[in-house]
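Shown next, in structure tokens, is the structure this report addresses.
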Amino acid sequence: MSCCDCNTETPKPKILAVILDLDGTLLDTERATRSVFTEFLAKYGKTLNKEREEKREIGKTLKDSSTATVEDYDLPLTPDQFIEEIIPMYQQKWKHAKALPGATRLIKHLHDHGVPTALASNSLREYINAKISVHQGWQGWFSVILGSDQVKAGKPSPDLFEEAARQMDVDAANCLVIEDSMVGVKAANAARMEVVAVPPHGEAAGCSALAKTVLHSLLEFRPEHWGLPPFEDWVDNALPIEAIYLSGLYDNGFVNEDTEDGKSALPDQVWGVFFGWAVVDMKKSYRVVVGIGMDPITCSPKKKIQIHLANGGNCCISNKKVKFLLVGYIRGLDSKEVTSLDAESLEECKSIASAALDLPIFSQHAYVPLYPDTFSVEDMVATDVLGHY
């Protein structure tokens with residue numbers, strides 16, 4: 001298995017409760033707080049070691065990660081002093097952390113169908129509350145919310161998951177854990193619970209070795225495979241999603257994404273076949289099918305973004321700056337498809353996208369009435385399109 005490969009789901013026994021991790025599983029806190037650590041190190045004359053940070057194990061408790069950071073960068077601080085200084089900086093950014101694709105959909109679905117659902121994070125309970133408070137409905141949708149300061153030991157100890165199961169009055173064997181990190185998967189295994197891993201790029205290989213089910217995105221999760229009520233929000237093979245924005249230079253079928261300090265502006269969990277609109281030079285729009293993944297051969301963290309016009313070839317937008325508004329999801333993307341969708345599958349996806357973009361539930365995102373093939377910059381300004389890219 002390559003480092004970017006993922007397992008597929010197979011039918012599992014009935015599950016009675018679900019336990020979710022927070023950072024990296026439901027919330028994209030990494031991108032929201034990306035600049036904080038660099039700014040903090042600069043105060044002490046230190047420079048971020050990108051190679052070391054890319055290899056750093058995610059999901060640790062605050063105490064463990066702080067101890068490692070102080071040692072790695074030889075900071076003139078104790079771990080407690082480090083925490084005291086840096087946490088206020090993080091708190092200013094947490095309110096900007098966006099929900100990862102499929103997160104809000106999953107939590108609400110479980111709540112609406114009466115499935116006991118716990119949030120169990122290695123963050124302190126106080127920090128969990130701060131992170132989720134800006135996400136409407138989240139606080140009330142969880143049956144149980146636990147932080148690492150509420151149990152004897154955080155992950156990879158099973159304590160958090162075992163306590164969540166106890167408070168939900170559900171046996172461990174009937175609990176499903178959804179995690180993004182090896183630390184979390186280890187904790188779920190130690191608690192003898194079923195586990196689904198939805199890891200970022202750097203954790204994929206390790207999670208594949210520890211979890212039977214590994215997904216690229218929560219959008220790939222199928223509750224019915226675990227005996228849970230199925231989603232009911234698909235519209236003729238198309239799934240409405242929270243709008244995804246990206247931009248870059250189109251070249252020979254692919255988009256070279258505009259990045260933030262060399263890193264993708266999109267979380268790793270934006271993976272699959274999407275559809276929406278492409279806007280070229282802010283003057284002309286096209287209906288597009290977009291495949292997003294990571295190259296399984298090179299295992300590069302750089303995303304492969306392939307673009308296909310839903311109603312024709314791509315020659316008319318070659319070598320131009322393009323901005324994308326993605327409003328729907330069709331399916332996952334396996335490793336062989338990351339560089340190219342086969343002709344039959346592509347035509348099917350184009351057909352689904354074309355039909356879906358005529359429906360109000362998708363076209364409402366366009367900000368231009370019915371999102372015509374051609375519209376002027378003046379039209380876009382009048383409808384506030386420029387402000388949404």
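Quantities reported herein were computed from a predicted structural model and do not represent experimental measurements.
Between Glu84 atom CD and Asp80 atom CG the span is 8.5 Å, to the nearest 0.5 Å. Of the inter-residue distances, the one linking Leu218 atom CG with Ile107 atom CD1 reads 8.5 Å to the nearest 0.5 angstrom.
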Report, one line per pair, each donor and acceptor closer than 3.5 Å where one atom sits in a side chain of residues 134-142; sequence neighbours left out.
from	atom 1	to	atom 2	distance (Å)
His135	NE2	Ala97	O	3.0
Trp138	NE1	Thr104	OG1	3.3

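Between Phe221 and Phe231, the ring planes are perpendicular. Angles over 60° get that label, and only those under 30° would be called parallel.
Remark: Arg192 CZ is loosely packed, at most 12 non-hydrogen atoms of other residues, nucleotides or ligands lying under 6.0 Å away. Residue Glu85 qualifies as enclosed at atom CD: its count of foreign heavy atoms under 6.0 Å is above 12. Other residues, nucleotides and ligands contribute more than 12 heavy atoms inside 6.0 Å of the CD atom of Gln150. Within 6.0 Å of atom CG in Asp169, 12 or fewer heavy atoms from other residues, nucleotides or ligands are found, so the atom counts as exposed in its surroundings.
No hydrogens or angles considered: a donor-acceptor pair under 3.5 Å links the side chains of Glu163 and Gln167.
For Glu71 (side chain) and Ala68 (main-chain N/O), no donor-acceptor pair under 3.5 Å exists by modelled atom type. Not one N or O on the side chain of Glu242 forms a donor-acceptor pair closer than 3.5 Å with the backbone of Pro101. Between the side chain of Arg287 and the backbone N or O of Ser354 there is at least one donor-acceptor pair closer than 3.5 Å.
Applying the side-chain hydrogen bond (donor to acceptor under 3.5 Å, both in side chains) criterion to Lys46, with sequence neighbours excluded, gives no partner residue.
The distance between the ring centers of Phe82 and Tyr73 does not fall below 6.0 angstrom.
The residues Glu348 and Arg331 are annotated as not salt-bridged, no charged nitrogen and carboxylate oxygen being separated by less than 4.0 angstrom.
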